[in-house]
Amino acid sequence: MAKLLALLALCLLPVLSTAIATGNTFSLKGRVYCDTCRCGFETSATTYLAGAKVRVECRDRNSMNLRYTMDAVTDATGTYHIEVATDHGDQKCECTLVGSPDPGCGKPNIGRHRATVILTSNNGMNYGARYANAMGFLKDTALAGCPQLMKSYFPEEI
């Protein structure tokens with residue numbers, strides 16, 4: 001009987017250590033920027049937006065009904081942090097832009113206005129840190145030096 005209990009304990013130890021390590025709590029982090037050159041990606045002229053509003057939403061994969069939502073605001077570096085206290089393994093979760101604090105940079109950049117995030121511990125990752133791709137707003141008018149900057153990125157095309 002003692003051998004059976006020892007064997008059972010050895011089999012359950014990895015499962016318990018993973019559950020304790022993650023605690024099904026996730027620390028989600030991402031950044032929001034202003035695309036000052038209106039080029040569709042981050043450049044050396046990109047600025048990061050303090051006070052931008054973002055939201056994480058998790059939806060049922062079959063019905064697409066909203067199951068979880070939480071809002072956050074970026075700090076002085078344009079970074080947001082969202083603590084998600086539950087596992088959303090059976091749901092599709094995305095971060096989305098909600099609003100920009102800069103009226104001259106307030107149009108979401110389609111294609112860079114949302115980021116898929118994985119909020120489950122049932123995927124081989126045994127710690128709770130999660131990172132979303134940077135999301136961006138477009139500046140109303142590109143900065144004056146952007147054509148020269150773009151030439152440095154794509155010298156053969158421009």
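Just the heavy atoms: all of them, side chains too, but no hydrogens, waters or symmetry mates, feed the values below. Along the sequence shown, residues are numbered consecutively beginning with 1.
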Trace of the side chain to side chain contact (heavy atoms under 4.5 Å, CB included) decision for Y131 with R31:
CA-CA 9 Å; Y131 300 94; R31 292 185 90 184; over 6 Å; no

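- One hydrophobic cluster holds both V54 and M70 under the rule that ILVMFWY side chains link at heavy-atom gaps under 4.5 Å.
- Inter-residue side-chain proximity for F137 and D35 is flagged as unmet; no heavy-atom pair is nearer than 4.5 Å.
- F41 places a side-chain heavy atom less than 4.5 Å from the side chain of R112.
- For the pair V56 and L119, the minimum side-chain heavy-atom distance is below 4.5 Å.
- In this structure, A132 and C95 approach most closely via the heavy-atom pair CB-SG, 4.1 Å.
- Here the side chains of T47 and Y33 are not in contact, with every heavy-atom distance at 4.5 Å or above.
- Nearest approach of H113 to P108, heavy atoms of both residues: CB-CB, 3.9 Å.
- With values rounded to the nearest 0.5 angstrom, M150 atom CE is found 12.5 Å from R38 atom CZ.
- Considering only heavy atoms from C-beta on, F26 comes within 4.5 Å of D87 through its side chain.
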Carefully, step by step, assess C37 and C146 under the rule disulfide (SG to SG under 2.5 Å).
CA-CA 5 Å; C37 285; C146 289; 2.0 Å; yes

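- Going from atom CD of E57 over to atom NZ of K92 covers 10.5 Å, rounded to the nearest 0.5 Å.
- Between H88 and T120, the shortest heavy-atom distance links the atoms C-CB, 4.4 Å.
- The distance from the OG atom of S27 to the CD1 atom of I82 is 9.5 Å, given to the nearest 0.5 Å.
- Without hydrogens or angle criteria, N65 side chain to R59 main chain gives no donor-acceptor distance under 3.5 Å.
- For the pair E94/V117, no side-chain contact is recorded, criterion being any heavy-atom separation below 4.5 Å from C-beta on.
- Between V32 and A52, the shortest heavy-atom contact is CG1-CB, 3.8 Å.
- The NE2 atom of H81 sits 9.0 Å away from the CD atom of E83 when rounded to the nearest 0.5 Å.
- Looking only at side-chain heavy atoms (C-beta outward), T74 and Y48 stay at 4.5 Å or farther from each other.
- Looking at T46 and C34, their side chains never come closer than 4.5 Å, going by heavy atoms from C-beta outward.
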Let's go through R114 and L97 carefully: what are the C-alpha distance in whole Å and the side-chain angles of both, what is the deciding distance for side chain to side chain contact (heavy atoms under 4.5 Å, CB included) to 0.1 Å, and is it a yes or a no?
CA-CA 6 Å; R114 62 181 57 241; L97 294 174; over 6 Å; no

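- Between R55 and V98, the shortest heavy-atom contact is CB-CG2, 3.6 Å.
- Separation of atoms OG1 (T96) and CG (D71) is listed at 8.0 Å; rounding is to 0.5 Å.
- Summarising the geometry of D60 relative to N62, their closest heavy-atom pair is OD1-N, 2.8 Å, with the distance given to 0.1 Å.
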Run the side chain to side chain contact (heavy atoms under 4.5 Å, CB included) test on L149 and S44 for me, step by step, so that the C-alpha distance in whole Å, both residues' side-chain angles and the decisive distance to 0.1 Å come before the verdict.
CA-CA 8 Å; L149 178 65; S44 57; 3.3 Å; yes

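- Within a 6.0 Å radius of CG in D75, more than 12 heavy atoms belonging to other residues, nucleotides or ligands are found.
- Disulfide criterion (SG-SG under 2.5 Å) for C93 and C58: met.
- Here the CG atom belonging to L28 is positioned 11.0 Å from the CD1 atom belonging to I118, to the nearest 0.5 angstrom.
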